[in-house]
Amino acid sequence: MVDPLIQYKYFSQMACNSTYPPVLSQETCRSMDAAYPTCARLTKACYSWPSSLTCAPAQTYCEDNIVMEYIKSGRNPYDVRLDCVGDNECYLIMTDIDTYLNNPAVQKELGAEVSKFESCSEKVEDKFSLNGDLMKPFHQEIPPLLADSIRVLIYAGDADFRCNWYGNKAWSLAMEWQGKDAFNQAKDEEWNVGREQAGEVRTFENFTFLRVFRAGHMVPYDQPANSLDMINRWLENKPFA
């Protein structure tokens with residue numbers, strides 16, 4: 001999460017009214033929307049007085065009353081097109097990745113300084129959760145980067161629920177920075193890879209928002225060729241459109 005105050009508002013849209021078929025009932029999504037005002041009030045308190053005492057309760061309420069409605073459905077929170085399978089982030093391949101990266105020969109080759117790799121450590125996650133980090137206004141860290149002429153790319157797979165593109169695009173449009181008005185007035189343009197449209201992009205100066213078509217949270221896993229194009233263009237400072 002980058003700007004939770006804005007992003008929590010869009011979970012219901014991703015679940016019930018996205019470019020993909022609805023995952024939840026309209027009644028459930030209305031329940032999510034009904035929980036948003038309290039979620040927003042608690043999140044604003046976290047923004048004003050950021051600490052575990054204000055941010056952790058906001059996280060608990062917003063997750064339990066908005067996000068959990070989706071989790072209870074059994075669908076993959078990282079891809080609305082899929083069911084959740086396995087017990088490792090809803091992707092069977094994650095177990096294979098853990099096995100591979102726990103191979104001593106692989107760890108030695110990588111120069112790893114840990115004896116055990118975990119794709120998502122519950123101990124680490126719990127520490128962040130208890131501190132309320134998920135709810136903090138990290139979007140405030142971006143304007144200084146842009147002011148220093150550092151290029152910033154925000155990308156999101158358009159099938160991802162957890163970090164859905166609706167919420168990400170909304171906060172990118174709402175963020176206060178010197179180029180806000182021009183960025184908001186800019187057009188969404190086609191990003192093409194070869195002869196196929198891979199997504200849509202909006203750019204002004206050094207700030208870019210990129211929506212990746214037909215991809216969930218794991219964009220390189222779902223769209224490897226398009227992801228390579230995205231990274232290469234970004235590193236070479238070439239336009240997406």
Side-chain angles (χ1 to χ4, degrees), residues 1-2 7 10-11 13-15 18-21 23 70-71 74-112 114 116-121 124-125 142 150-172 187-203 206-241:
M1 301 288 274
V2 182
Q7 287 176 271
Y10 289 88
F11 281 116
Q13 181 173 353
M14 191 65 211
S18 76
T19 55
Y20 295 97
V23 176
Y70 182 97
I71 301 300
R75 299 290 281 180
N76 188 328
Y78 305 112
D79 195 321
V80 297
R81 301 169 297 178
L82 305 173
D83 289 326
C84 181
V85 293
D87 57 0
N88 193 343
E89 302 303 309
C90 294
Y91 288 89
L92 293 176
I93 196 173
M94 296 300 289
T95 300
D96 296 330
I97 293 172
D98 286 355
T99 300
Y100 177 74
L101 291 177
N102 278 305
N103 183 314
V106 172
Q107 291 186 344
K108 181 179 179 181
E109 188 68 21
L110 293 174
V114 295
K116 182 182 179 182
F117 171 83
E118 291 181 79
S119 55
C120 285
S121 169
V124 173
E125 181 183 8
I142 297 176
I150 295 173
R151 293 187 300 126
V152 175
L153 168 65
I154 308 300
Y155 72 90
D158 71 354
D160 184 9
F161 173 80
R162 179 75 257 193
C163 298
N164 66 76
W165 74 274
Y166 293 108
N168 274 301
K169 187 175 184 179
W171 75 253
S172 74
K187 294 181 179 180
D188 293 324
E189 300 182 90
E190 289 188 8
W191 163 44
N192 295 304
V193 178
R195 297 181 179 180
E196 184 175 354
Q197 186 176 358
E200 61 182 23
V201 62
R202 178 183 297 223
T203 297
N206 51 330
F207 188 46
T208 296
F209 176 82
L210 183 67
R211 171 189 171 193
V212 184
F213 288 173
R214 301 174 297 280
H217 193 80
M218 318 299 188
V219 172
Y221 176 71
D222 292 327
Q223 296 292 337
N226 295 346
S227 296
L228 182 61
D229 180 87
M230 174 182 71
I231 295 299
N232 284 340
R233 290 199 204 197
W234 186 252
L235 292 177
E236 295 168 14
N237 199 12
K238 293 181 178 179
F240 288 96

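It should be emphasised that the depicted structure is a prediction, and the values quoted were computed from it without experimental measurement.
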Sidechain N-carboxylate O distance under 4.0 Å for Asp222, Arg81: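 Between Arg81 and Asp222 there is a salt bridge, with a charged N closer than 4.0 Å to a carboxylate O.
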Exercise: identify the closest heavy-atom pair between Met94 and Ser119: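 Met94 and Ser119 have their closest heavy atoms at CE-CB, 3.5 Å.
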Val212 and Trp165, any side-chain heavy atoms less than 4.5 Å apart: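 No; the side chains remain at least 4.5 Å from each other.
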Donor-acceptor under 3.5 Å (Arg233 side chain, Lys238 main chain):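 Flag not set: sc Arg233 to bb Lys238 has no pair under 3.5 Å.
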Salt bridge present between Asp160 and Arg162 (N-O < 4.0 angstrom):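 A salt bridge is absent here (no side-chain N lies under 4.0 Å from a carboxylate O).
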Side-chain donor/acceptor of Tyr78 to backbone N/O of Ala159, under 3.5 Å: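 Answer holds: no.
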Check: Gln107 side chain, Leu101 main-chain N or O, donor-acceptor pair, under 3.5 Å: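 Checked: pair present.
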Note, Leu210 side chain near Trp234 side chain (heavy atom, < 4.5 Å):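 Heavy-atom side-chain distance check fails, nothing below 4.5 Å.
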Side-chain H-bond candidate by donor/acceptor type, Tyr10 with Asn168, under 3.5 Å: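 No, Asn168 and Tyr10 have no side-chain donor paired with an acceptor closer than 3.5 Å.
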Test: Lys187 and Glu200 ion pair at under 4.0 Å: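 Here Lys187 does not pair with Glu200 in a salt bridge, since their nearest N and O are not under 4.0 Å apart.
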Sidechain-backbone polar pair: Asn164 side chain, Gly167 backbone, donor-acceptor under 3.5 Å: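 Indeed, once roles are kept as given, a pair shorter than 3.5 Å links the two residues.
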Ring centers of Phe161, Phe11 separated by less than 6.0 Å: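 Yes, the ring of Phe161 comes within the 6.0 Å limit of the ring of Phe11, centre to centre.
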salt_bridge(Lys169, Asp188) N-O dist < 4.0 Å: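 Here Lys169 pairs with Asp188 in a salt bridge, since their nearest N and O are under 4.0 Å apart.
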Atom CD of Glu236: over 12 foreign heavy atoms under 6.0 Å: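 Above 12, so yes.
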Polar side-chain atom of Gln7 near backbone of Val2 as donor-acceptor pair, under 3.5 Å: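 Yes, because the side chain of Gln7 sits within donor-acceptor range (under 3.5 Å) of the backbone of Val2.
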Residue pair Tyr155 / Val219, side-chain heavy-atom distance below 4.5 Å: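 Side chain of Tyr155 against side chain of Val219, heavy atoms only: contact under 4.5 Å found.
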For the student: nearest non-hydrogen atoms of Gly199 and Gln197, plus distance: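 Looks like O-NE2, 3.0 Å.
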Side-chain donor or acceptor of Asn192 paired with backbone N/O of Gly194 under 3.5 Å: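 Flag not set: sc Asn192 to bb Gly194 has no pair under 3.5 Å.
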No-hydrogen, no-angle side-chain donor-acceptor test under 3.5 Å, Asn226 and Trp191: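 Short answer, no.
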